[in-house]
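Counting starts at 1 for both ligands and their atoms, in listed order. Keep in mind that the numbers below use all heavy atoms, side chains included, and drop hydrogens, waters and symmetry copies. We number each residue from 1, following the sequence as shown.
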Amino acid sequence: MADTRPIGVFDSGLGGLTVVKELISALPGEDIVYFGDTDRVPYGTKSNETIKKFAIEDENFLLSKNVKLIVAACGTVSSVAADTAKVLPVPFVEVVSHSCKSAVKVSNNKKIGVIGTSATINSGEHKRQILELCKEAEVFCQSCTLFVPLVESGLVSTDDIIVTETVKKYLTPIKEAEVDTLILGCTHYPLLSDAIRKFMGENVVLINAGVSTAAAVKDILVSGNMLNTKEKGDISCFVSDITPSFSAASSMLLGSPTEEIRVEKVDINSL
Ligand code: DGL
């Protein structure tokens, strides 16, 4: 029997839409409820205590929508607040472990770069997991604090000098380390992948967490007999503030030329 409940996905803002895009491609029949905490973004500069509090509120919002599984489509929550999922009544999927597995698999020289928010990099979670998978790996980590504000402001073009200079500033040490694989440890970063690829060069593999995370979600739904058998799933987006960049990103990543994605505002503090 089909499980018609939606998949719940959340992030601090629009970055998690890069994961939704991969979920739609891997699981086209699933309904998805997305929550972007656009009023409180960024999370990555906040304390672990605050990030955990926000994660619990976001998870509770999705549970109120009767979801069958929750995806923390946020590197920051996945790195410092994954333990908030222990009490959830539904399966939980985070984005760190799957990216680390993919990176170790594709890297030839075992020099792996990781970029993320300050909270993500300070947690050391990627480095710990990569070394657990491959103890001879060398891991080069860099927090890129200005990347999330750039993306949330719609600044992603490779023609924009602010973008190219910011990418250069953060990624120079990673490039000098001669990594052959770079984990985009924040779900906002795939929106900067053109600029990152241009700077790092075509030979460096960029790991987009959405791809392996969507495969992990599919495995759970298949093995738990929880797939939806619909032909085409519905996407509902909720945000704590309706911002022009969220609307633009949702249309760009998820919409079709004829179809606007509907976005609804919710008061996360009143739930
Ligand atoms: N997309 C979030 C992440 O993956 C951005 C965090 C933030 O809001 O700083 O880490």
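- In summary, the atoms of ligand 1 found under 4.0 Å from a heavy atom of Thr117, numbered by their order in the structure, are 6 (C), 9 (O), 10 (O).
- For ligand 1, the atoms lying closer than 4.0 Å to a non-hydrogen atom of Val41 are 8 (O).
- Polar contact with ligand 1: absent for Thr45 (N/O pair, distance under 3.5 Å).
- Among Lys230, Lys68, Lys232, the one residue that satisfies the side-chain hydrogen bond (donor to acceptor under 3.5 Å, both in side chains) test with Glu30 is Lys68.
- The closest approach between Gly13 and ligand 1 stays at or above 4.0 Å for every heavy atom of the residue.
- Where the criterion is an N or O separation shorter than 3.5 Å, residue side chain and backbone included, Gly44 meets it with respect to ligand 1.
- Close approach to Asp11 involves these atoms of ligand 1, each under 4.0 Å from a residue heavy atom: 1 (N), 2 (C).
- Residues Tyr170 and Leu184 fall within the same hydrophobic cluster, defined by Ile, Leu, Val, Met, Phe, Trp and Tyr side chains chained together at heavy-atom separations under 4.5 Å.
- Aromatic ring pairs are classed by plane angle as parallel below 30°, tilted from 30° to 60° and perpendicular above 60°; the pair Phe238 and Phe61 is perpendicular.
- The shortest N or O to N or O distance between Thr76 and ligand 1 is below 3.5 Å.
- Checked against Thr84 for a side-chain hydrogen bond (donor to acceptor under 3.5 Å, both in side chains), the options Glu59, Lys52, Lys53, Glu57 give a single hit: Glu59.
- Of the inter-residue distances, the one linking Leu191 atom CG with Glu152 atom CD reads 9.5 Å to the nearest 0.5 angstrom.
- Ranking the protein heavy atoms by distance from atom 4 (O) of ligand 1 puts Gly75 N, 2.6 Å first.
- Annotation: His188 places an N or O atom under 3.5 Å from an N or O atom of ligand 1; distance criterion only.
- Side chains of Val179 and Ile112 form no contact here, defined as non-hydrogen atoms less than 4.5 Å apart.
- Closest protein heavy atom to atom 7 (C) of ligand 1: Tyr43 N, 3.2 Å.
- Here the CG-CG distance, from Leu155 to Leu150, works out to 5.5 Å after rounding to the nearest 0.5 Å.
- In the vicinity of Ser12, heavy-atom distances shorter than 4.0 Å reach the ligand 1 atoms 2 (C), 5 (C), 6 (C), 7 (C), 8 (O).
- Ring planes of Phe147 and Tyr189: perpendicular class, angle over 60° (limits at 30 and 60°).
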